[in-house]
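Atoms considered below: every heavy atom in the structure, side chains included; atoms not considered: hydrogens, waters and symmetry mates.
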Amino acid sequence: MEEKELRELLQQRFYMELMLFKDSMLQKEKKDIFKASYKIEVFVNLYEILLVYVENLQGDMIRELLGISFGILDFLYQEWLDREDNFYEDLREYACSELEGVPRKVNPDGEKEEKDGTKPDQTA
C-alpha cells in the first residue's frame, strides 16, 4: 500500500475515533456533557492537530499507528491530563494583577456612571 493510502487510512481512523467519542457524549445527559466540555475540546483539538501532522509521518510509523488496538485520541487525552500545566497559576496571576485596572480600562476618563448604569451626558 502506498504512503498516501496509509495516510488516508490513518486520517479515517482518527475521524472514526472522534465520531465514536462524539456519539458516546451524545448518549449522556446534558449535565454530563457539560462536565465533559474540557475533554470534548481536547479531543477535537487533538483530531485537528493530528490530521495535519499525519502528512509528516513516514510509512512505517503510519503502519505502527494503524496497528494499535486502542483509541489513539483517548490515549493522548489521558497522557495530556498527566502533564503539569501552569494554566491555572498563570490565569490567577493575570486576573489578580489586572483586576484593579479594570475600571480604568472600561472608563478611562474616570467619569462615574449614573445610578441607572449610563454614562454622564457629554454635551454642553
Side-chain angles (χ1 to χ4, degrees):
M1 196 174 278
E2 292 184 30
E3 275 192 25
K4 181 181 178 185
E5 294 170 309
L6 290 170
R7 280 190 180 82
E8 289 173 5
L9 280 175
L10 187 55
Q11 289 172 330
Q12 289 172 7
R13 177 187 173 144
F14 292 146
Y15 178 76
M16 291 301 296
E17 287 186 24
L18 182 64
M19 291 300 103
L20 288 169
F21 171 72
K22 180 180 176 181
D23 183 62
S24 72
M25 285 292 121
L26 292 174
Q27 302 304 314
K28 298 178 182 283
E29 299 290 323
K30 289 179 184 180
K31 66 180 173 82
D32 294 326
I33 294 172
F34 182 75
K35 287 180 185 177
S37 61
Y38 178 74
K39 185 174 185 177
I40 295 166
E41 180 71 18
V42 172
F43 261 67
V44 170
N45 285 328
L46 284 171
Y47 169 73
E48 292 171 354
I49 290 165
L50 295 178
L51 277 188
V52 174
Y53 188 70
V54 164
E55 297 300 321
N56 299 323
L57 296 175
Q58 300 299 315
D60 291 340
M61 177 54 65
I62 297 171
R63 283 185 182 86
E64 285 184 50
L65 289 167
L66 286 170
I68 292 176
S69 62
F70 53 82
I72 296 171
L73 295 178
D74 190 53
F75 176 81
L76 292 173
Y77 171 74
Q78 295 301 326
E79 292 286 312
W80 175 251
L81 291 180
D82 290 340
R83 290 177 55 104
E84 273 299 314
D85 134 352
N86 295 327
F87 173 76
Y88 183 81
E89 183 63 30
D90 290 345
L91 183 60
R92 184 186 63 76
E93 185 179 309
Y94 165 76
C96 292
S97 70
E98 294 293 317
L99 184 62
E100 292 180 23
V102 171
R104 288 185 298 280
K105 290 180 181 179
V106 173
N107 193 3
D109 297 330
E111 297 172 347
K112 300 222 183 250
E113 292 182 347
E114 299 295 323
K115 288 184 182 180
D116 66 358
T118 61
K119 290 187 177 183
D121 189 6
Q122 295 292 322
T123 60

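- Linking ILVMFWY residues whenever their side-chain heavy atoms come closer than 4.5 Å, directly or via other members, places Tyr53 and Val42 in the same cluster.
- Take Glu5 and apply the side chain to side chain contact (heavy atoms under 4.5 Å, CB included) test, not counting sequence neighbours, and it matches Met1, Glu2.
- Taking a 6.0 Å sphere around CE of Met16, one finds it holds 12 or fewer heavy atoms contributed by other residues, nucleotides or ligands.
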Please list, one pair per line, the donor and acceptor atoms closer than 3.5 Å that link side chains of residues 65-80 to other protein atoms, with sequence neighbours excluded.
unit_1: Trp80; atom_1: NE1; unit_2: Tyr38; atom_2: OH; d: 2.7

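- The structure places NZ of Lys35 at 12.0 Å from CD1 of Ile33, a figure rounded to the nearest 0.5 Å.
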Original post:
Going through the distances and angles, do Leu46 and Phe14 end up as a side-chain contact (heavy atoms from CB on, under 4.5 Å)?
Top reply: CA-CA 9 Å; Leu46 284 171; Phe14 292 146; over 6 Å; no
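- Side-chain heavy atoms closer than 4.5 Å link hydrophobic residues (I, L, V, M, F, W, Y) into clusters, and following such links, possibly through other members, connects Phe21 to Val44.
- Between the CG atom of Asp32 and the OG atom of Ser37 there is a distance of 11.5 Å, given to the nearest 0.5 Å.
- Nearest heavy-atom pair, Val54 versus Leu10, reported as atom, atom and distance to 0.1 Å: CG2-CD2, 3.9 Å.
- Residues that satisfy the salt bridge (charged side-chain N to carboxylate O under 4.0 Å, His left out) test with Glu3, not counting sequence neighbours, are Arg7.
- Sorted by first and then second residue, the pairs that involve residues 13-31 and meet salt bridge (charged side-chain N to carboxylate O under 4.0 Å, His left out), not counting sequence neighbours, are Arg13-Glu17.
- Applying the salt bridge (charged side-chain N to carboxylate O under 4.0 Å, His left out) criterion to Asp60, with sequence neighbours excluded, gives Arg63.
- Note: the hydrophobic cluster containing Leu57 does not contain Ile49 (ILVMFWY, side chain heavy atoms under 4.5 Å, direct or indirect links).
- Judged as a salt bridge (charged side-chain N to carboxylate O under 4.0 Å, His left out), and not counting sequence neighbours, Glu100 has no contacts.
- Taken from NZ in Lys4 to CD1 in Ile62, the straight-line distance is 13.0 Å, to the nearest 0.5 Å.
- Atom OH of Tyr15 and atom CG of Leu50 lie 16.0 Å apart (nearest 0.5 Å).
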